[in-house]
Amino acid sequence: MYKHGVLNGLNPDQKREFRQVVIAMVLATDMGLHPAIVSEFRNAFKAGNFQVDFSDKKHRQSKLLILKMLIKIADASNTFREPVSCRQW
């Protein structure tokens with residue numbers, strides 16, 4: 001990314017935040033962490049603790065948890081694809 005200047009428009013704090021989110025997304029695909037992430041999501045959802053105003057920086061944990069669940073859904077859904085569509089990728 002640095003080679004292509006993808007992050008050039010970000011200040012150091014934004015770059016650090018971007019890096020932390022990318023790392024969290026990669027780790028969210030680790031099936032060893034699956035039960036903990038799903039449990040955290042269920043508990044937050046049941047308790048009504050989700051703050052989903054994505055423009056508000058105060059709700060970082062809720063946003064990160066939602067992103068983790070989205071990446072898990074996308075990652076897990078690949079195993080249900082027809083073999084033909086998998087070959088295209």
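All values derive from a computational prediction rather than experimental measurement. For this chain, numbers begin at 1 and follow the sequence in order.
The shortest non-hydrogen separation linking Thr29 to Val26 is OG1-O, 2.6 Å. A pairwise comparison of heavy atoms in Phe18 and Leu10 identifies CB-CD1, 4.5 Å as the closest pair.
Residues that satisfy the side-chain hydrogen bond (donor to acceptor under 3.5 Å, both in side chains) test with Gln61, not counting sequence neighbours, are absent from this structure. Every residue meeting the side-chain contact (heavy atoms from CB on, under 4.5 Å) condition with Ala24, not counting sequence neighbours, appears here in chain and number order: Leu64, Lys68.
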Exercise for the section: Dump the intermediate steps for side chain to side chain contact (heavy atoms under 4.5 Å, CB included) on Met69 and Glu40, then the final yes or no. Expected result: CA-CA 10 Å; Met69 287 303 296; Glu40 181 183 359; over 6 Å; no

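The line from CZ of Phe41 to OG of Ser62 is 10.0 Å long, rounded to the nearest 0.5 Å.
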Which donor-acceptor pairs under 3.5 Å do the side chains of residues 30-38 make with protein atoms, sequence neighbours left out?
{"residue": "Asp30", "atom": "OD1", "partner": "Gly32", "partner atom": "N", "Å": "2.8"}
{"residue": "His34", "atom": "ND1", "partner": "Lys72", "partner atom": "NZ", "Å": "3.2"}

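Side-chain contact annotation: Arg19 with Gln14, donor-acceptor N/O pair under 3.5 Å absent.
Taken together through direct or relayed side-chain contacts under 4.5 Å among Ile, Leu, Val, Met, Phe, Trp and Tyr, Ile23 and Leu65 form part of one hydrophobic cluster.
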